[in-house]
Asker: 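The structure under discussion is supplied below as C-alpha cells; questions concerning it will follow.
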Amino acid sequence: MKVNADLLAKYHENRCTPEERTALEAWLLSSDVDDLEFHSEKDKQIAKADIWEELDAILPKEEVVKVAPNFASFYMWKGAIAASLVIGLFGLSFYYFNQSRQTAVEFVAFHNKSSLKVNHISSKEYNLTIAPETFAEVNRHSGIIELSGSILISPKKDIELSFDGEKEKVKLKGGQTYIILNSKTGNHGLIIVNEKNLISLPPVIQKKLIQEFDI
Amino acid sequence: MKPSIVRLLNFIFVFFGIVCFIACRSSCSTNHREKYSIHIMDMDAKEYVVTTNNLDAGLLKPEEITEALPDSIFRNIIVKDGFYYSLQRKSDILTKYTLKDRKLFAVAHLQLQDYNEENFLWMGKDSLLLSGLNNQANEAKYYLVDTKGMKTLAAGLLDINKPQGKFKTTSIGFVHKRKDTLFIGYTFHPIIHGANYTTSDTMYISRLTYPQMKRVGIQKEIRSTYPAGINTVQHNEFTDEYGNFYFMSCPGIAMGNRADLPTAIFKINANSSLVDSTYFFNLSSSTIKNHAYGLWYVGNGKAIVRSERKDLYKGLSDHYSTSHFEFYLLDIVHQKVIKKLDLPLDKGTRKECVLVNGDTVHIAVNSTTDGNFIWQYNLKTDELRKGLQLGGVSAFIVRIDRLLN
C-alpha cells in the first residue's frame with residue numbers, strides 16, 4: 001500500500017480500515033523511507049516553504065558570533081543587538097600571557113559593520129571603542145593585529161601590541177586613552193596618538209574622531 | 001664634639017632649612033605678572049602653562065613650577081592681556097582664566113551651542129570674534145564675545161558656501177577684517193573612510209559686511225587648496241605694515257592632504273578685495289621643496305615659515321614625533337627664500353612657536369639631539385643663539401604667547 005497525504009489524514013481522523021492502519025503503522029515504524037507522495041508539485045513546494053518559515057522563526061535573525069577554526073572571531077552588527085553582543089563577548093576568550101610587567105594580547109577579533117554606531121568592549125585588560133566600519137583581527141600565533149579603521153583603547157595597565165607592518169611593538173600605558181587609526185588603502189601607516197594629543201592630527205580627522213567616539 | 005651639640009646643630013640646620021623653604025614657597029606663590037606665556041606638553045601629552053619675563057636665558061622645568069593642566073584645557077587657547085580663553089570641546093563652554101599661584105584659575109564662563117572653533121580674531125581690546133562650525137562641520141557659525149563681561153554681543157550663521165555633492169564638511173582657514181568687510185577663507189572635504197581624508201582642489205574666499213554679516217562677494221582660487229588653518233593652534237596668515245593680507249595654503253598631509261598641490265603664499269592687496277592673481281609665492285617649488293605649516297610675519301617684508309622634510313618622516317604616524325621641521329626666512333615682497341635658519345630640526349606637527357619682539361624673533365625648537373630651547377634670531381645682525389631652556393618633563397613647546405604687553 002502506498003502511503004500518501006490522504007491516508008495520513010485518514011489515520012489521524014481515525015477513519016482508516018484495519019488493513020490501512022496496519023500498513024500505515026508498519027510504514028511509520030519502518031526505516032525504509034519512500035518519498036512522501038503529494039497531490040501535486042505545488043503542494044510539495046508549499047510544504048517546503050512552510051518548513052523553511054518555521055525554521056526561520058526559530059533561528060536568530062542575524063548571525064552574531066562566529067568562531068573560525070583558527071581565531072576567536074567576533075562579528076558585530078547593528079546597535080539593536082548590542083545586549084546580546086555584550087553577553088557573547090564575555091563568553092569569548094581574550095587570551096593573555098603575562099610577561100614580567102607588561103601584558104601582550106594574544107588574540108581577539110572584531111568587526112563593526114555599522115556605518116554610524118560605535119561598539120564598546122570592556123575586558124579585564126582594557127576598554128575598547130570600535131569606530132564604525134572598523135575591522136581588526138589578531139593572529140593567534142604571531143599576536144600581530146591587522147587593523148582597518150579606528151579604535152579608542154584605554155588599557156587598565158601597561159600593555160604591548162604588535163601591528164601588521166610595524167616592526168616595533170607598541171607600548172601603551174595603563175590609565176591613558178589612545179586613538180589608533182589604520183587604513184589598508186591609505187599611505188599614512190598606523191597612527192597612534194594619546195587622546196589628549198588629538199590636536200596633532202589633521203583637523204579633518206580630528207572632527208571625524210570627535211564625532212565618532214564622542215570625545 | 002659632643003653628640004648632644006651635634007644633635008642641636010642638626011636641629012638648627014633643619015629648622016632654618018624649613019623656615020627658608022616656607023619663605024621661598026610663600027614668595028613664589030604670589031601672583032607674578034609676567035610677560036610671556038609658554039605652553040608645554042610632556043611625553044604623556046600632559047600640558048603645562050608657565051610664564052616668564054625672560055626668554056633670553058635660563059632654565060625652566062614645568063613640573064617644578066606648576067601642575068599639569070586639567071584634561072579640559074588644551075593648547076588651542078587664546079592668550080591676551082593676562083587672560084586665557086579656552087573652549088571646552090564637549091560642553092561648548094568658553095572659559096576665561098587668569099593665573100593664580102601659577103595655575104590657571106577660571107574667572108568666567110560663556111555657554112556656546114553646537115560650536116567647534118576654527119578661528120579667532122580680536123576686533124577690539126575686549127571684543128573677540130570666534131568663527132567655527134557646528135558639530136557636523138557643515139555649517140559656519142560665529143560668536144562675537146565681550147571678553148570683559150564674558151557675554152555674547154552677537155551670534156549667528158556665517159553666510160558662506162556650504163559643502164555640496166560629494167563634499168560633506170568645511171574647514172575655515174582664516175577670517176580677516178578690513179574696515180567693514182570680513183574675508184573668510186575656507187575649503188571642503190569629502191566623507192572620510194578610515195584615515196583617508198582629502199580636500200577639494202578649490203579654496204573659497206567669501207566677503208561679508210561687518211557687523212551686518214551680509215554676503216557681498218565670493219572668489220574661487222584653484223592655484224592651491226586648504227587656506228591657512230586653525231589659528232588657535234598655529235598661524236598661517238598675517239597683515240603687513242601696509243594693510244596687505246597674506247595667507248598660506250596648507251595642502252600637505254598634516255592639513256589638506258592634497259600633496260599634489262603646492263604650499264604657497266597668497267596675497268590680498270590693501271586696495272583690493274580680491275586675491276592678487278599676479279602674486280603666487282610657491283614654496284614647494286622653491287629651494288624649500290616641501291610642504292609647510294606655520295607662517296609668521298617678522299616685519300619689513302619678511303616672514304618665517306616652518307616647513308617639513310618629507311625625506312625624514314615616514315607618514316602621519318611619525319609626523320609629530322620625528323624632528324624634521326626647518327625654519328626659513330622669506331622675502332614675501334619679492335617672493336624669494338632668503339635663507340634657511342641654522343637651527344636644529346624641530347618636532348611637533350603644528351605649533352605656535354614664533355614670537356616677534358622688535359628686532360628679535362623668538363623661535364621655540366624641540367630637538368631630539370639638542371634639547372628644548374627658545375632660540376633668538378636677531379633680524380638686524382642675523383645672529384642666532386640659544387635662549388631659555390625648557391627642561392624637566394618638557395617634550396614639546398607647543399606655543400609661546402605674549403601674555404602682557
Side-chain angles (χ1 to χ4, degrees), chain A residues 112 115-116 130-136 146-151 154-155 158 163 165-168 170-215, chain B residues 41-47 68-69 71 74-76 89-90 116 118 133 135-137 168-173 187-199 226 229-230 232-234 250 252-257 259 293 313-321 348-351 396 398:
Chain A
N112 182 1
S115 61
L116 291 170
I130 305 143
E133 297 170 330
T134 290
F135 172 79
E146 203 186 309
L147 173 72
S148 171
S150 44
I151 57 172
S154 310
D158 293 2
F163 285 91
E166 296 290 309
K167 279 181 202 153
E168 289 187 11
V170 174
K171 289 178 181 171
L172 304 181
K173 287 187 180 176
Q176 303 280 319
T177 301
Y178 298 88
I179 296 160
I180 306 180
L181 280 164
N182 203 16
S183 179
K184 279 183 181 172
T185 50
N187 56 349
H188 306 301
L190 184 77
I191 302 160
I192 299 166
V193 290
N194 194 309
E195 186 203 340
K196 290 181 204 152
N197 197 12
L198 181 71
I199 288 176
S200 71
L201 291 176
V204 191
I205 289 193
Q206 282 178 47
K207 286 172 201 161
K208 176 184 154 86
L209 293 171
I210 289 168
Q211 272 209 344
E212 269 178 7
F213 293 123
D214 190 27
I215 49 175
Chain B
M41 184 184 276
D42 71 12
M43 286 309 282
D44 290 332
K46 277 192 282 187
E47 298 180 31
L69 293 175
D71 285 349
F74 296 94
R75 59 186 166 117
N76 52 348
R89 191 170 62 215
K90 281 192 89 169
N116 278 308
E118 298 271 292
L133 301 163
N135 290 326
Q136 299 281 314
K168 301 294 178 202
T169 63
T170 305
S171 280
I172 298 177
T187 188
F188 302 121
H189 311 279
I191 200 156
I192 305 172
H193 293 288
N196 293 321
Y197 59 102
T198 187
T199 301
Y226 208 105
I230 294 177
T232 50
V233 175
Q234 187 179 53
C250 297
I253 70 158
M255 301 281 268
N257 200 29
Y293 323 95
Y313 68 83
K314 281 180 262 168
L316 205 53
S317 52
D318 64 338
H319 197 272
Y320 80 96
S321 56
T349 295
R350 288 177 297 141
K351 303 194 297 187
F396 296 91
V398 287

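Reminder, nothing fancy here: chain letters follow the sequence lines and each chain counts from 1.
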Asker: Would you mind checking which part of A:Glu212 comes under 4.5 Å of any heavy atom in chain B, side chain (CB onward), backbone (N, CA, C, O), both or neither?
Answerer: neither
Asker: For the residue pair B:Arg89 and A:Ile210, what are the closest heavy atoms and their distance?
Answerer: CD-CD1, 3.4 Å
Asker: Under a 4.5 Å heavy-atom cut-off, does chain A meet the side chain of B:Asp318, its backbone, both or neither?
Answerer: neither
Asker: Checking heavy atoms, do the side chain of B:Glu47, its backbone, both or neither come under 4.5 Å from chain A?
Answerer: side chain
Asker: Are any side-chain N or O atoms of A:Lys208 and backbone N or O atoms of B:Ile192, one a donor and one an acceptor, separated by less than 3.5 Å?
Answerer: yes
Asker: Quick check on B:Thr187 against chain A: is it the side chain, the backbone, both or neither that has a heavy atom closer than 4.5 Å?
Answerer: neither
Asker: Would you confirm whether A:Asn194, through its side chain, and B:Ala45, through its main-chain N or O, come within 3.5 Å as a donor-acceptor pair?
Answerer: no
Asker: What pairs with A:Phe163 under ring-ring contact (aromatic ring centres under 6.0 Å, His included), at least two apart in sequence or on another chain?
Answerer: none
Asker: Taking only residues two or more places apart in sequence or in another chain, which ones pass side chain to side chain contact (heavy atoms under 4.5 Å, CB included) with B:Lys168?
Answerer: B:Ile191
Asker: Less than 4.5 Å to any heavy atom of chain B: does that hold for the side chain of A:Ile192, its backbone, both, or neither?
Answerer: backbone
Asker: Just by distance, do the side chain of B:Asp42 and the backbone of B:Asp44 share a donor-acceptor pair under 3.5 Å?
Answerer: yes
Asker: Can you find a heavy atom in the side chain of A:Lys207 that is under 4.5 Å from one in the side chain of B:Leu133?
Answerer: yes
Asker: Side chain from CB out, backbone as N, CA, C, O: work out which of these in B:Tyr313 comes under 4.5 Å of a heavy atom of chain A, or both, or neither.
Answerer: neither
Asker: Taking side chain as everything from C-beta outward and backbone as N, CA, C, O, which of these in A:Leu198 sits under 4.5 Å from a heavy atom of chain B? Side chain, backbone, both or neither.
Answerer: side chain
Asker: Is chain B contacted by the side chain of A:Ser200, its backbone, both, or neither, given a heavy-atom distance below 4.5 Å?
Answerer: both
Asker: Looking at chain A, which one of B:Glu118, B:Lys351, B:Lys46, B:His319 has the largest number of heavy-atom pairs inside 4.5 Å, strictly under?
Answerer: B:Glu118
Asker: Given heavy-atom pairs under 4.5 angstrom as the criterion, report whether the side chain, backbone, both or neither of B:Asn76 touches chain A.
Answerer: both
